[in-house]
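Structure first, then comments.
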Protein chains: 2
Amino acid sequence: MVTLAEVAQHAGVSASTVSYVLSGKRSISANTRQRVERSIRELGYHPNAGARALASSKSNIIALMVPLRTDMYVPVMMEIAIAVATAARTHGYDVLLLTGEEGPDAVRRVAGSGLADGMILMDVELDDERLPLLRATDQPSVLIGLPADTNGLTCVDLDFRATGALCVEHLAKQGHQDIAVIGEAPAVYERHTGFAERTLDGLRSRSRELGVRLLHRPCDGGYDAMAVTLARILDERPGTTGIIVQNESAVEPLLALLRQQGRAVPEDVSVVAICPDQVATQASVRLTSVAIPAQEMGRHAVEHLVAKFEGRGSDEVVLIAPELTVRGSTGPAPTRP
Amino acid sequence: MVTLAEVAQHAGVSASTVSYVLSGKRSISANTRQRVERSIRELGYHPNAGARALASSKSNIIALMVPLRTDMYVPVMMEIAIAVATAARTHGYDVLLLTGEEGPDAVRRVAGSGLADGMILMDVELDDERLPLLRATDQPSVLIGLPADTNGLTCVDLDFRATGALCVEHLAKQGHQDIAVIGEAPAVYERHTGFAERTLDGLRSRSRELGVRLLHRPCDGGYDAMAVTLARILDERPGTTGIIVQNESAVEPLLALLRQQGRAVPEDVSVVAICPDQVATQASVRLTSVAIPAQEMGRHAVEHLVAKFEGRGSDEVVLIAPELTVRGSTGPAPTRP
DNA sequence: ATAGGTTGTCGAAGCGCTTCGATACCTATT
DNA sequence: AATAGGTATCGAAGCGCTTCGACAACCTAT
């Protein structure tokens, strides 16, 4: 294991000089810099992370807390996690993966031990139990998702309210009067996950404004649950011509069932999905959808956190504007007989 | 920030005593231990990770390298990653998330900086470019997946060869003579990912032994690709009565297409999937399947790595025996007219 | 010619912890 | 009674780095 001191000796300078070459915090003559850099290369030197952390009180690590649940939105979570890791590297940070398992204790452990310089929390609930701790330790942090009280917190999320509104608008504009919403699993609502409720909020208020009728039903993933939910919807509102789905694992079952019942998409029923683009383009019908911008969310989260490290951060809520991509699954409402 | 020294002072003992209470490496009287533990609680002390790493040359961190690609098997990857993180915690380790982005350099960086005590590599290719480096730095490591040359390496994986064999056996036992295999995306084979080739190997040799005919076609995920692939298969082998799928994102499209063509599952066609249980149970037909034991793989990987840290590790290849669960998608081959 | 700035380098202190003797006391064993 | 072996504790060194103050060497402006 090569140390700073060995590099210094090899280059014929003092240890501090090598350190300054590495950090650039003091000016170094071109000559010396080159000699040092050459020694570093020749000896294959890598600074020791622990020593660095100890001396500088900076670990260059960002903790990422992902939910333990694998019951929803897994690909999106994964994409966000990877986006976070990638973005973090471009700023010189590594990412520590914490699962929800430990719960709030993880916050305490990380903050207390100086393991990470800050943390990013995913899957934030409206009244998340980690938040009081986060506020107490003044650990720099960014949330992906929106809690009920965002006071003193920095949050990044898709604007799900606007997303809901956008979906309704798109269908209403095409003449749909009766719209059904197939939502997340009931458990998601029970847990008071913010995004689900906000989407619903956007859906409801916009449909009220536009004077269209809206029916919302939570739905577990999978074929069987979907069959029950769809039957119930069509029973209650036989005139439904527009469907909005917000549950990745309900998308394909829904399309299969519609097909099976002889309802053509988009001629008889229009379908709008809120899901990653990959799902929308790979489904059996190319779906008109609002994408979940996982990449962008991950990148934003990292950038805001790094900004905080550098003292230029501000507590703010960043809502990413939704974008609706029209594909083949929506069209004008069929004229009533 | 509370330090060891402060705890020591508060408890009226020396710093080293506190350290020994924490590590248990020397005997401490019950009395002293309790006093120290009380001080620790009262002051809310957390050992500083950096200092600890520096002094002990142990970071208590495991690096996990996940593939950057999100084109395949994402939920499985995620499940493994979470299983690794969870298992690591039970052994007192945290997990550092590295993306494939950096490639082999990440291995060098982590090994050189002492950031992690060892690493777990996922999505290992047959001739993986990270392996030479791994062998050069004697960084403790475990691979999830199997490279061509496992010499000097510890690997954990599902026994995909046995998996292939098991699928063929199950179908052959029910009288199926013409079996089609819908494989992973062509890109996966081009990349020479071990598991895909090993599955194929198992499928082929067992079908040869059992005297059944086998047709293998790679297939991208999604509906359109599946339609093309299925049409081609049924064109070449109209008598196909058994289908084995090894591509999560082809499962639902396949079932939809079969339904659409009036082929009943399992009366006309039997389908066996190689996929996580969740996919098998949530599909529109409850699928007979061989599960990918993500949890188990993650746990095994961690345990072997920790064993290496403690000097009781051995280089070995752990192949997890596949288990086939019979659900509703397979049955006796239809009798030929 | 001199005061005042820059620039480039060094030495030393110290970050918070682990760990290796050393020491002091106590209990068995001869 | 003298010795050996345990047990419980302390002090000090040192892990590899960052960073501060000092200082020499050189500019520039008066």
Side-chain angles (χ1 to χ4, degrees), chain A residues 1-37 39-40 43-61 92 94 109-117 309, chain B residues 1-37 39-40 43-61 92 94 109-117 309:
Chain A
M1 223 222 157
V2 189
T3 69
L4 226 215
E6 292 172 313
V7 173
Q9 188 172 15
H10 185 272
V13 297
S14 74
S16 48
T17 302
V18 177
S19 178
Y20 287 123
V21 167
L22 249 31
S23 69
K25 292 190 179 173
R26 283 202 185 171
S27 48
I28 298 286
S29 69
N31 188 339
T32 307
R33 156 171 292 112
Q34 280 162 21
R35 272 218 321 290
V36 170
E37 279 166 353
S39 299
I40 288 178
L43 299 180
Y45 169 73
H46 282 269
N48 181 87
R52 198 166 243 198
L54 177 56
S56 66
S57 330
K58 279 217 52 188
S59 63
N60 282 291
I61 288 180
D94 273 298
R109 194 167 59 85
V110 169
S113 66
L115 234 186
D117 296 331
F309 294 157
Chain B
M1 217 213 165
V2 188
T3 69
L4 228 215
E6 291 172 313
V7 173
Q9 190 173 13
H10 185 272
V13 297
S14 77
S16 48
T17 300
V18 176
S19 179
Y20 287 124
V21 167
L22 250 29
S23 68
K25 291 190 180 173
R26 285 202 184 171
S27 49
I28 297 286
S29 69
N31 188 339
T32 308
R33 157 171 292 111
Q34 280 164 20
R35 273 219 321 290
V36 170
E37 279 166 354
S39 298
I40 288 177
L43 300 179
Y45 169 71
H46 282 268
N48 182 87
R52 198 166 244 197
L54 177 57
S56 67
S57 328
K58 280 217 52 190
S59 63
N60 282 291
I61 288 180
D94 272 299
R109 195 165 59 83
V110 169
S113 65
L115 234 184
D117 297 330
F309 293 157

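Letters A, B, ... mirror the listed sequences (proteins, then strands); counts begin at 1. Just the heavy atoms: all of them, side chains too, but no hydrogens, waters or symmetry mates, feed the values below.
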message: If the condition is side chain to side chain donor-acceptor pair (under 3.5 Å), which residues does A/Ser19 pass it with, not counting sequence neighbours?
response: none
Nucleotides 8-16 of chain C: protein proximity per nucleotide (B base, S sugar-phosphate only, - neither; heavy atom, under 4.0 Å): SBBB--BBB
- request: Could you tell me whether A/Lys58 atom NZ has more than 12 heavy atoms of other residues or ligands within 6.0 Å of it?
  value: yes
- request: List in chain and number order the residues that pass side chain to side chain contact (heavy atoms under 4.5 Å, CB included) with A/Ser57, two or more places apart in sequence or in another chain; answer none if no residue qualifies.
  value: none
With a cut-off of 3.5 Å and sequence neighbours excluded, list every side-chain donor-acceptor pair involving residues 45-52 of chain A.
none

query: A/Asn60 CG to D/dC17 C1': how many Å, rounded?
result: 13 Å
field: Non-neighbouring partners of A/Asp117 that pass side chain to side chain donor-acceptor pair (under 3.5 Å), sequence neighbours left out
entry: A/Ser59
query: Should stems be defined as at least three consecutive Watson-Crick or G-U pairs with both distances under 3.5 angstrom, which of them involve DNA chain C?
result: C:1-3 with D:28-30, C:5-29 with D:2-26
task: Please list, chain by chain and in numerical order, all residues satisfying side chain to side chain donor-acceptor pair (under 3.5 Å) with A/His10, sequence neighbours excluded.
output: A/Ser39
field: For B/Gln34, all residues meeting side chain to side chain contact (heavy atoms under 4.5 Å, CB included), sequence neighbours excluded
entry: none
- prompt: By side chain to side chain contact (heavy atoms under 4.5 Å, CB included), which residues pair with A/Ala111, not counting sequence neighbours?
  reply: A/Thr137, A/Gln139
message: Just to verify, what does B/Arg109 make a salt bridge (charged side-chain N to carboxylate O under 4.0 Å, His left out) with, not counting sequence neighbours?
response: A/Asp94, B/Glu102
- line: The correct set of residues in residues 109-117 of chain B placing a heavy atom under 4.0 Å from DNA chain D is none
query: Partners of B/Glu6 by side chain to side chain contact (heavy atoms under 4.5 Å, CB included), sequence neighbours excluded?
result: B/Val2, B/Thr3
message: Strictly below 4.0 Å: does B/Lys25 bring a side-chain N or O up to OP1 or OP2 of C/dT18?
response: no
